[in-house]
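Below is one structure, written out as structure tokens; the observations come after it.
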Amino acid sequence: MLEPKVWREAATQVFFALGLGFGGVIAFSSYNKRDNNCHFDAVLVSFINFFTSVLATLVVFAVLGFKANIMNESCITENAGKVVRLLEAGNVSWDIIPHHVNFSRITVQDYQLVYDIVKKVKEEEFNDLGLAACQIEDELNKSVQGTGLAFIAFTEAMTHFPASPFWSVMFFLMLVNLGLGSMFGTIEGITTPLVDTFKIRKEPLTVGCCLLAFCIGLLFVQRSGNYFVTMFDDYSATLPLLVVVILENITISWVYGIDKFMDDLRDMLGFTPLKYYYYMWKYISPILLSILLIASIVQMGITPPGYYAWIAEKATEERLSYPTWGLVVCVSLIVVALLPVPLVFIVRFFNLIDDTTGSLASVSYKRGRIIKELSNIEEDDASLIHEKIQSEMPSPNIGNSIYRKQSGSPTLKVDTAPNGRYGIGYLMADMPDMPESDL
């Protein structure tokens, strides 16, 4: 519990379960109406995820405990047979065995009693007898994680279930559905910003992303694929994901401004969220995530990158260090995952993309309110705003009247932020003298 790696993996599990840092939640939320109760949605999803995780924990450890009991009983039966053969061969005297012990139906307690007696009597030559302690704690401590949990531990445990073929089919169907459900959110997080920003068709982009992901996935199904799965899981998903979430938190709380963000939420929800969120978003969450990130980096520096390899000659697993090319791949995975952050900043800050052609959509910000400026609104069609419902599509008759003067202000000054279009389909402005229904 004191190892930073445990908390980093726990945080990564929460990120994966909730879809944080992947862009999927932001992409899905872009389809919501402006007055959607996002507070209720966030709390509901968090509680559902929590109780689902607790349920999954109970199921996983119940199955692992069941498997440990089965393996321990097999161990006791096998070693009880060894004791009987030692007794018949005269290597061990029958006199030291308690009379109530029945080797044909020996219990765990009786075997432990016999094991301790034989170990005490034959102390010098005990190691040569080949007896195992057969303690269930040893079976439980054989921790299985990652792909081994699903494809080895669970599969082996289900062979001992009643009607095991049925449960095996149900289990792997569940895995397929979990994988497909996860990929829906991941692909949506990739395609939605590209479709809304660059005004390209969603269907060919989705097909292209899936084909690219399929080709990369072929790397994981070869004989050495499990090593690449571990490499990608450790260095492409954990540390970069933590950095992305920290940057998102800091951007909203400190760059954009937590006060403006709370005002936005009040305008959208109709009530002011609890102060609890204010302090958590601004102080607690960034500090805790930063501590976790620093501890993870320090631990990675102390413990060099490595992997567990199966040594066939020794019939055991050993931790080995990555070769030079493996270290290059690990570093590249981290860099590539984080590269969009500085790259997009440089491109936007120095205006390296010429948008005079109107190929991009822009978003303007004023006091935390968003005004979406559509380029060439007359040419905009339904394909531009893929999968947005009709009520969410911007009206083609919108003119310059949206930039009306505010009371006490000669002009509506907005700071154009060179961000992509997020497809909400709403034009929002601070106009206290104009009802939103008319707008």
Inset, instruction - Kindly say whether the aromatic ring centers of Tyr227 and Tyr307 come within a distance under 6.0 Å. - result: yes
Inset, instruction - Assert yes or no for the condition that the ring centre distance of Phe15 to Phe22 is strictly below 6.0 Å. - result: no
Would you find more than 12 non-hydrogen atoms of other residues, nucleotides or ligands less than 6.0 Å from [X] atom [atom1]?
X	atom1	answer
Arg105	CZ	no
Met170	CE	no
Phe40	CZ	no
Phe61	CZ	no

Inset, instruction - Could I get the full list of salt bridge (charged side-chain N to carboxylate O under 4.0 Å, His left out) partners for Arg266, not counting sequence neighbours? - result: Asp263
Have [X] and [Y] got a donor and an acceptor in their side chains that come within less than 3.5 Å?
X	Y	value
Tyr256	Asp264	yes
Asp110	Thr107	yes
Tyr31	Glu188	yes

Inset, instruction - Determine, for Tyr115 and Lys119, whether the Lys NZ or Arg CZ falls below 6.0 Å from the six-membered ring centre while staying within 45 degrees of the axis. - result: no
Inset, instruction - Answer yes or no on whether Lys122 is positioned over the face of Phe126, meaning its NZ or CZ is under 6.0 Å from the six-membered ring centre and within 45° of the axis. - result: no
Inset, instruction - Would you mind listing every side-chain hydrogen bond (donor to acceptor under 3.5 Å, both in side chains) that reaches into residues 158-172, with sequence neighbours excluded? - result: none
